[in-house]
There are 2 protein chains.
Amino acid sequence: MKTLVVVSHPNIEKSDTQQFLKASAVSLSQVVWHHLDANLPFDVAAEQQMIQAADRIVFQFPLYWYMAPASLHQWLTEVWVKQFVYDAHGGLLKGKSLGLVVSFSQPESAYQLGGQVGFSLSQFLAPYAALAEKTGLQLLTPLAIARFANQNDSDHQQLLIRYQQYLTLQHPDNFEAQAQWFINRLQEDPKTTMLADQLASQTDEIDRLRLTLHELKAGESE
Amino acid sequence: MKTLVVVSHPNIEKSDTQQFLKASAVSLSQVVWHHLDANLPFDVAAEQQMIQAADRIVFQFPLYWYMAPASLHQWLTEVWVKQFVYDAHGGLLKGKSLGLVVSFSQPESAYQLGGQVGFSLSQFLAPYAALAEKTGLQLLTPLAIARFANQNDSDHQQLLIRYQQYLTLQHPDNFEAQAQWFINRLQEDPKTTMLADQLASQTDEIDRLRLTLHELKAGESE
């Protein structure tokens, strides 16, 4: 699976969050990191080719006044034109997936009724849900990054894993896929191969237990 | 009341909607028409001065992928900075009102559950509601302009009136304020003074009838 990460940030060198995410993505061979603000003015044909080559497109941006920065909007206006998005074959985006990696400086709990912000992240991202539906893109649940600067090393380690999974897994929210991802990563390194084997056999055991549970339930309902 | 109309449109000369709105606003002495895309790069201090001088700020834009074009986002990022929006006196925007004039090419009925778009305009505009709440701006109900190109002369005439009221009335949704606006406009022209007098006396009559009704109801509930 090839992933295009479309980053919108007017001041990316000063963003610890974006630098961290960039470092997390650099080792992934199937991931293209594409910073919009560094590619202005847009070469529309080249941009469209990058989109066509990707199976997953990820919009990655900080929230400024609860919305994406200007470059993402400019890119959508200039690149996602009707002729491209709705082509003769029923849409060039159909079947691809759309991810959203959104960072903000408030705690995640601020984004709800009665919270500091008072609206949910889903409310603010409604236009992207409409865009996905309109173009046949399958929308992933957003990856929200709250208060990166206040996170500790353990939080950062978890974010790195979640982010890499978000960019590379067909179903990043799926538990089995996440476990398999760990096994694959651990097996790459001789030092952790044993750990990987242990994890793999545990994963198999979980599968077996689930199957047994399923059969018991099926028996009950007969 | 002074109104600043902040227009975001990358191709305004070709937009019939924006040209029509501009022509509708030009005669209003208390209204400043400010096209963002023509003022790039922004002179931040000058932009902030314009905002401070206004009692009402209107964001006016077409929906591109259900969001505003890039220039409004760039302007918000560069001009609506913390130091300006949350000053030492508790916010320079507090007490002003915020209007939204939003145009789109679908019929208004598309913006609902099950419609062609599937989301409401209020859902897409949630970030502006959050922004208004955060900065102490009083949000007006948006003025939606659907399918301008398909509207007839009578629709355009009505839009002109609604738009002028939206820019100039303290409470543009208020029935009495709308009636008074008509009376004022008609009285400016000798040919329509009689019509204005007629309208004024009808408005008074409506007030009297409402008062009577109110008194009757009060009597009932005693």
Describe, in one word, how the ring planes of A:Trp65 and B:Trp80 are oriented to each other, choosing from parallel (under 30°), tilted (30 to 60°) and perpendicular (over 60°).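 Judged by the thresholds at 30° and 60°, the geometry between A:Trp65 and B:Trp80 is perpendicular.
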
Name the option with the most non-hydrogen atom pairs under 4.5 Å to chain B; the candidates are [options].
options: A:Met67, A:Glu133, A:Gln116, A:His73; value: A:His73
options: A:Gln74, A:Gln123, A:Lys134; value: A:Lys134
options: A:Ala70, A:Ser71, A:Ala129; value: A:Ala70

Within the supplied structure, the quantity of interest is the number of heavy atoms (other residues, nucleotides, ligands) at a distance under 6.0 Å from [X] [atom1]; does it exceed 12?
X: A:Leu213; atom1: CG; value: yes
X: A:Gln106; atom1: CD; value: yes
X: B:Gln49; atom1: CD; value: no
X: B:Asp153; atom1: CG; value: no
X: A:His156; atom1: NE2; value: yes

Which heavy atom in A:Thr77 sits nearest to a heavy atom in B:Tyr64, and how many Å separate them?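 Looks like OG1-CD1, 3.4 Å.
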
Nearest heavy atoms of B:Phe124 and A:Ala130, plus distance in Å: CZ-CB, 3.5 Å

